[in-house]
Every structure is written in structure tokens, then in C-alpha cells.
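Please read the structure below before turning to the comments.
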Amino acid sequence: MDSARRIELQVPEDLAYLVANVRRAAASFINEAFPPVDDSTEDELHTRIEELVNEYINQTFTLAAPNLSINGFPVDASHFLSSSTAPSNPLASSEPEEVFEPFDTRKRARVEALTAEEEDLLRDIAQLKKSVPAAAAGAWAEAARKSIKDDEEALDKVNNNNNSNNSSTAAGTTTTGESSANGDDDSRLAIAPLQRQDEIETGFENAVRGLGRVKKEMPAVVARMERARKAGEYVVTER
């Protein structure tokens with residue numbers, strides 16, 4: 001028993017609150033099972049049951065006291081269960097006393113900072129929603145136009161080379177012409193890679209990578225805003 005860790009409470013009011021809640025719950029069940037008599041005569045049965053239940057509660061907390069500690073100190077159960085600190089009717093239902101903690105300027109400043117951060121995040125998200133799709137679409141369209149233009153220039157160059165080769169072999173013999181024609185067919189089929197193929201592929205990859213980065217960063221910004229909102233609600237609630 002001594003080696004077991006004790007249940008730690010911060011202030012004596014915590015234990016008093018637990019005792020009051022247990023007594024309040026017990027009184028509620030007793031009144032439900034044995035409703036009080038309406039006339040002015042004393043209900044001996046009801047009173048006796050209250051005494052027995054109160055005795056049981058006192059014994060329970062007395063036995064539990066060695067396993068409790070308040071701010072690191074042992075608990076004296078008699079202080080919380082004595083008649084001087086208990087009400088005249090131990091099982092009478094009573095609401096816990098509502099206590100307001102002093103005004104804390106640091107918490108107020110923290111709330112204001114979190115609120116400002118939330119507003120900044122909302123503005124950033126709104127700005128990203130306006131600017132990012134248009135910028136990404138514009139970059140992709142520009143890359144597509146550039147790619148099409150480069151492909152057309154490369155195709156025109158290949159066609160010009162083929163036309164020049166056809167005109168130079170038109171004055172030869174039939175056999176020579178046929179072999180040249182076969183050679184022209186081979187040259188048409190064997191199209192070399194585009195001169196700016198690497199640049200086109202790099203531009204397309206950058207555009208796709210930019211869209212992926214925007215898609216990846218958007219949830220993070222939204223998550224930061226959500227955390228700031230929850231933190232602000234927590235601070236306001238705790239205050």
C-alpha cells in the first residue's frame with residue numbers, strides 16, 4: 001500500500017467538491033426512492049436512511065484518505081467530514097460555489113494575439129484562393145503555347161529539309177529516283193528529337209510541381225488557421 005502512488009489533488013477545495021458531489025448524488029437517489037413526507041411530521045425512515053448513507057460516505061472517504069494527497073501533503077479526512085465543516089443536513093443538495101479567477105492581462109493579450117493570427121490566416125487563405133489558381137493556369141497556358149510553338153518550328157524545319165532533299169534528287173534516273181525516294185521515306189520516319197525537348201519537359205514538370213506544391217501547402221495553411229481558432233476558443237473558455 002505504501003509503495004502505490006497516491007491520487008494527487010491540487011487544493012483542498014478539490015476534495016471538498018468531491019465530497020459535496022457524492023452527498024448531493026446520494027440525497028437525490030434517496031429523495032427519489034423515499035420521497036419526503038409532505039406534512040410537518042418528521043419522517044423517521046427517511047431520516048434514518050440519510051444517517052446510514054452519510055455514515056457510509058464518511059467511512060468511504062476516511063478509508064480513502066491515506067491514498068490521497070493534496071499538493072503533496074497527506075489528507076486529514078476528519079477536516080472534510082467533521083460536523084463543523086459539514087452542513088446541518090449532510091445529504092442536502094447544494095450547488096457548488098461559483099468562483100471567478102482574477103482578471104489576467106496575459107491571457108487577454110494571448111487571446112488578442114490568437115485572434116489577430118486567425119484573421120491574418122483567413123486573409124492569406126482568401127488571397128491564395130484568388131491568386132494561386134489564376135497564376136497556375138496562366139503558367140500552364142504559357143508553357144503549353146511555348147511548347148506548341150517550338151513543336152511547329154521544329155516540324156517546319158524538318159519539312160523544309162525534306163523538300164530540299166526531294167528537289168535535289170528529282171533530276172536523277174528512275175532507279176536513282178526510286179532509291180532516293182526510299183531514302184526520303186527513311187528520313188521522314190527517322191525524326192530526330194526536338195532541339196528544345198529538355199526545356200519543354202522541364203517547363204511542364206515545373207508547372208505540375210508548382211500545382212502540387214500549392215495543393216500540398218493549402219491544407220497546412222487551413223490547419224494552422226483551425227489550430228489558432230481552437231486555441232483562441234480554449235483560452236476564452238478557460239478565462
Side-chain angles (χ1 to χ4, degrees), residues 100-239:
F100 297 93
E101 80 175 281
F103 181 78
D104 192 342
T105 56
R106 292 177 298 178
K107 289 184 178 180
R108 178 179 178 83
R110 179 60 175 164
V111 171
E112 294 176 352
L114 291 174
T115 303
E117 182 179 357
E118 180 182 5
E119 294 176 353
D120 293 340
L121 291 174
L122 289 174
R123 282 195 295 269
D124 293 341
I125 292 174
Q127 186 65 28
L128 288 174
K129 288 181 178 179
K130 292 180 180 179
S131 61
V132 170
W140 185 88
E142 182 64 25
R145 286 193 294 267
K146 185 178 181 181
S147 176
I148 294 173
K149 181 179 179 181
D150 294 339
D151 291 343
E152 290 177 350
E153 291 177 355
L155 183 60
D156 292 340
K157 185 176 181 180
V158 172
N159 291 334
N160 292 332
N161 292 334
N162 291 336
N163 292 333
S164 62
N165 291 334
N166 290 334
S167 61
S168 62
T169 57
T173 59
T174 302
T175 304
T176 305
E178 292 178 354
S179 62
S180 298
N182 293 332
D184 292 339
D185 292 338
D186 296 338
S187 65
R188 288 192 188 96
L189 294 176
I191 298 177
L194 300 178
Q195 294 181 357
R196 306 182 65 184
Q197 182 73 22
D198 294 338
E199 184 178 353
I200 295 171
E201 292 179 356
T202 301
F204 181 79
E205 290 177 358
N206 291 335
V208 173
R209 192 178 298 109
L211 290 174
R213 184 167 53 253
V214 171
K215 184 178 179 181
K216 185 184 299 182
E217 293 176 355
M218 184 68 73
V221 176
V222 175
R224 286 176 52 202
M225 186 272 293
E226 185 67 16
R227 288 196 300 269
R229 183 183 65 80
K230 290 183 178 180
E233 293 178 354
Y234 175 79
V235 174
V236 172
T237 303
E238 288 298 321
R239 190 189 72 174

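Just so we're clear, the structure is a prediction, and the values are computed from it rather than from any experiment.
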| request: List for me each residue that meets side chain to side chain donor-acceptor pair (under 3.5 Å) alongside R227, sequence neighbours excluded, and say none if there are none. | output: none
| task | Only counting residues at least two apart or in another chain, list the ones meeting side chain to side chain contact (heavy atoms under 4.5 Å, CB included) with E199. | result | K146, R196
| How many angstroms lie between atom CD of E117 and atom CZ of R110, to the nearest 0.5 angstrom? | 7.0 Å
| OG1 of T105 to NZ of K107: how many Å apart, nearest 0.5 Å? | 11.0 Å
| task | Evaluate the side-chain proximity of N206 to R209: yes if any heavy-atom separation is below 4.5 Å, no if none is. | result | yes
Compile the donor-acceptor pairs under 3.5 Å between side chains in residues 125-140 and protein atoms, sequence neighbours left out, one pair per line.
residue, atom, partner, partner atom, Å
S131, OG, Q127, O, 2.8

| Residue list, salt bridge (charged side-chain N to carboxylate O under 4.0 Å, His left out) with E112, at least two apart or on another chain | R108
| request: Not counting sequence neighbours, which residues clear salt bridge (charged side-chain N to carboxylate O under 4.0 Å, His left out) with D120? List them please. | output: R123
| Once you round to the nearest 0.5 Å, how far does NZ of K157 lie from CG of L155? | 12.5 Å
| Exceeds 12 heavy-atom contacts within 6.0 angstrom, atom CZ of R229 | yes
| task | Before accepting this row, confirm whether a basic side-chain N of the pair R145/E142 lies closer than 4.0 Å to the acidic partner's carboxylate O. | result | yes
| task | Supply the atom-to-atom distance E226 CD to E118 CD, rounded to the nearest 0.5 angstrom. | result | 8.5 Å
| task | Quick one: pull up CG in L121 and CG in L114 and give me the separation to the nearest 0.5 Å. | result | 10.5 Å
| task | Please list, chain by chain and in numerical order, all residues satisfying side chain to side chain donor-acceptor pair (under 3.5 Å) with D124, sequence neighbours excluded. | result | none
